[in-house]
Structure formats: C-alpha cells, structure tokens
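Notes follow the structure.
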Amino acid sequence: GTGENGLDDTQVYENVTMKNCVMTEVGAGDDASFHIYGLAKNFVFENNTFGFTSYRGIRFEAALENLTVVDNEFTNKSAVYDVVRGMSLVTGNILISNNIFTNCTQSMIQFANVGGETTYEITKNVFTNAACTCIDIRTVAAGQEETAKIKFVIQYNVFDGGANSWGTI
C-alpha cells in the first residue's frame with residue numbers, strides 16, 4: 001500500500017542506524033523529523049541532536065521490532081506532539097536510555113500497541129516539560145491479551161516540570 005507522501009508502507013526496513021547526526025528542521029508537509037511507513041526492524045538512534053519543529057520527532061507507522069534510542073538530545077522548538085512514537089505493534093527489545101527530552105505538547109515517548117515478547121527498558125533519561133505525559137504505553141494489541149509477555153524496566157529517570165495532564169507514566 002501507499003502511505004502519506006506516496007511512500008510504500010509494506011516495505012521492510014532493517015538494521016538502520018542514525019549516529020552522531022544533527023537534525024534541526026523537516027521538509028514542509030511532513031509531520032515527523034524521522035518518519036518510517038513500513039515495517040521497521042532493528043533501528044538504532046545514538047548520540048544525535050534533534051532540534052525539530054515538526055509535529056513528531058521519530059515516528060514509526062507500521063510494526064516496530066527492536067529499537068535502541070541512546071545518548072540523544074531532543075529539544076522541541078514548537079508545538080511538538082510526541083518525540084518518539086510507535087503507531088502499530090511494538091515488539092522485541094526496546095531500549096531508551098540516557099536521553100534528554102525537552103518540551104512537547106503530548107507524550108515524550110508513546111507506543112500505541114504492545115505485544116509479543118517485549119522488554120521495555122526506559123532508564124537514565126531526563127524528561128522536562130511534557131504537557132501530557134512522559135511515557136505513554138497505551139494498549140496490548142488485539143488478540144494478544146492472553147499471550148503477550150511484556151516486561152517494563154523504568155528506573156533512574158528524572159521527570160521535571162510540565163502539566164503531565166495524563167500522568168507521568
């Protein structure tokens with residue numbers, strides 16, 4: 001199928017690393033600084049600086065398996081909804097550690113559907129000024145309510161400021 005901007009949302013994107021980069025703006029019309037429409041496997045974001053003005057920072061539309069986000073700085077310059085967002089099923093090993101998240105109007109981290117055998121390790125991050133919530137993990141994927149094996153390790157984070165109208169976690 002074809003997603004927004006005419007990109008193929010059935011494509012599989014594997015083993016992608018973004019390291020030591022600076023991203024400050026996005027093209028007109030896109031709603032994320034880094035936007036993947038197809039199935040994403042084994043993505044790594046390491047030691048990057050995001051100073052973006054788009055609606056979202058890193059956004060995965062289709063299923064996501066294994067994500068590492070370490071040693072990054074995310075500073076939102078305007079009304080940014082989510083900084084790291086998975087829209088569909090998220091599985092595998094999810095490591096979000098030692099990042100600095102500053103300013104957002106919705107969730108700093110949001111995963112819409114969780115399932116399978118998944119470990120979320122969210123550690124040693126600094127969250128400043130989240131309007132709604134810092135960590136937003138929504139629902140177990142349909143049909144996986146009885147079989148999903150999900151582990152959460154959320155520790156050594158700093159939550160500073162913001163209304164947190166939906167709660168911190």
Side-chain angles (χ1 to χ4, degrees), residues 1 3-4 7-21 23 30-50 52 54-74 80-101 104 106-127 130 132-159 166-169:
E4 288 182 37
L7 297 176
D8 183 358
D9 62 6
T10 61
Q11 178 67 40
V12 177
Y13 301 93
E14 293 187 71
N15 306 316
V16 175
T17 298
M18 181 175 176
K19 184 174 182 179
N20 300 323
C21 295
M23 182 175 284
D30 201 354
D31 75 342
S33 295
F34 192 93
H35 204 161
I36 295 295
Y37 289 93
L39 173 63
K41 293 182 177 184
N42 308 318
F43 270 67
V44 176
F45 295 88
E46 182 179 352
N47 197 38
N48 300 294
T49 300
F50 291 83
F52 44 86
S54 59
Y55 290 116
R56 291 173 176 88
I58 300 170
R59 180 176 176 153
F60 295 93
E61 292 292 331
L64 169 61
E65 180 181 322
N66 300 324
L67 172 66
T68 301
V69 180
V70 295
D71 299 324
N72 298 284
E73 184 172 343
F74 300 94
V80 175
Y81 294 139
D82 309 302
V83 180
V84 177
R85 181 175 181 152
M87 295 294 298
S88 294
L89 181 63
V90 177
T91 60
N93 294 309
I94 309 302
L95 172 63
I96 301 175
S97 184
N98 203 38
N99 300 287
I100 298 170
F101 295 90
C104 83
Q106 196 164 304
S107 305
M108 301 251 180
I109 298 169
Q110 184 193 89
F111 295 116
N113 290 291
V114 299
E117 291 193 29
T118 305
T119 299
Y120 291 87
E121 186 175 335
I122 302 172
T123 61
K124 302 177 190 171
N125 299 288
V126 176
F127 299 94
C132 294
T133 189
C134 296
I135 302 169
D136 181 359
I137 300 174
R138 299 231 168 149
T139 61
V140 174
Q144 296 196 21
E145 296 88 343
E146 302 295 323
T147 60
K149 296 178 181 170
I150 303 167
K151 178 181 178 182
F152 294 98
V153 178
I154 300 172
Q155 60 188 7
Y156 310 118
N157 296 289
V158 175
F159 302 98
W166 297 346
T168 300
I169 299 174

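These numbers come from the heavy atoms of this one structure, side chains and all, not from hydrogens, waters or symmetry mates. In this chain, numbering begins with 1 at the start of the sequence shown.
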Revision key, fill the gap. Output for pair (I36 CD1, R59 CZ), nearest 0.5 Å, gives 12.5 Å
Practice item. Run the numbers on I109 and I96 for side-chain contact (heavy atoms from CB on, under 4.5 Å), then give the verdict. Key: CA-CA 9 Å; I109 298 169; I96 301 175; 3.8 Å; yes
Review point. Just checking, is any N or O donor in the side chain of N113 or S88 under 3.5 Å from an acceptor N or O on the other one?
Key: no
Exercise for review: Looking only at non-hydrogen atoms, find the nearest pair between G143 and T147 and report the distance.
Suggested key: O-OG1, 4.3 Å
Exercise for review: Could you list the residues that satisfy ring pair (Phe, Tyr, Trp, His ring centres under 6.0 Å) with F101, not counting sequence neighbours?
Suggested key: F74, F127
**Study point:** Nearest atoms (heavy-atom pairs only) where N72 meets F45
**Key:** ND2-O, 2.9 Å
Exercise for review: Mind running side-chain contact (heavy atoms from CB on, under 4.5 Å) on V70 and L95 for me, showing each step along the way?
Suggested key: CA-CA 8 Å; V70 295; L95 172 63; 3.9 Å; yes
Review point. Going from CD on E117 to CD1 on I150, what distance comes out if it is rounded to the nearest 0.5 angstrom?
Key: 10.5 Å
Check your understanding: Roughly how far apart are I135 CD1 and N125 CG, rounded to 0.5 Å?
Key -> 7.0 Å
Point to revise | Qualifying residues under side chain to side chain donor-acceptor pair (under 3.5 Å), relative to N42, sequence neighbours excluded | key: N15, N66
Point to revise | Side chain proximity check, Q144 to L89, heavy atoms < 4.5 angstrom | key: yes
Check your understanding: Counting only N and O atoms by type, is there a donor-acceptor contact under 3.5 Å from the side chain of N48 to the main-chain atoms of M18?
Key -> yes
Review point. Are side-chain N/O atoms of N47 and N20 paired as donor and acceptor at under 3.5 Å?
Key: yes
Review point. Considering residues at least two apart in sequence or located in another chain, which fulfil the side chain to side chain contact (heavy atoms under 4.5 Å, CB included) criterion with T123?
Key: S97, E121, V153, Q155
Review point. Do you know the tightest heavy-atom contact between V90 and G86?
Key: CG2-CA, 4.4 Å
Check your understanding: Can F60 and L67 be said to form a side-chain contact (heavy atoms from CB on, under 4.5 Å), step by step?
Key -> CA-CA 11 Å; F60 295 93; L67 172 66; 4.1 Å; yes
Exercise for review: For T68, check side chain to side chain donor-acceptor pair (under 3.5 Å) against everything at least two apart and list the hits.
Suggested key: none
Study note, to complete from the structure: Sorted by chain and number, sequence neighbours left out, ring pair (Phe, Tyr, Trp, His ring centres under 6.0 Å) with Y120 holds for F111, F152
**Study point:** Beyond-backbone contact of V114 with T139, side-chain heavy atoms, under 4.5 angstrom
**Key:** no
Exercise for review: First locate atom CD1 of I122, then atom OH of Y156, and finally report the distance between them rounded to the nearest 0.5 Å.
Suggested key: 15.5 Å
Point to revise | D71 CG to K19 NZ distance, which is reported to the nearest 0.5 Å | key: 9.5 Å
Point to revise | Side-chain touch V126/N157, heavy atoms, less than 4.5 angstrom | key: no
Revision key, fill the gap. Correct closest heavy-atom pair for V83 and C104 would be CG2-CB, 4.2 Å
Exercise for review: Could you tell me whether the side chain of N99 and the main chain of V69 form a donor-acceptor pair under 3.5 Å?
Suggested key: yes
Check your understanding: Is a donor on one side and an acceptor on the other found under 3.5 Å between the side chain of D82 and the backbone of S107?
Key -> yes
**Study point:** Listed once per pair and sorted, the salt bridge (charged side-chain N to carboxylate O under 4.0 Å, His left out) pairs that draw on residues 138-155, sequence neighbours left out
**Key:** D136-R138
Point to revise | Reported CD-to-SG distance for the pair Q110 and C132, which is rounded to 0.5 angstrom | key: 10.0 Å
Check your understanding: What do you reckon, are the aromatic ring centroids of Y37 and Y13 less than 6.0 Å apart?
Key -> no
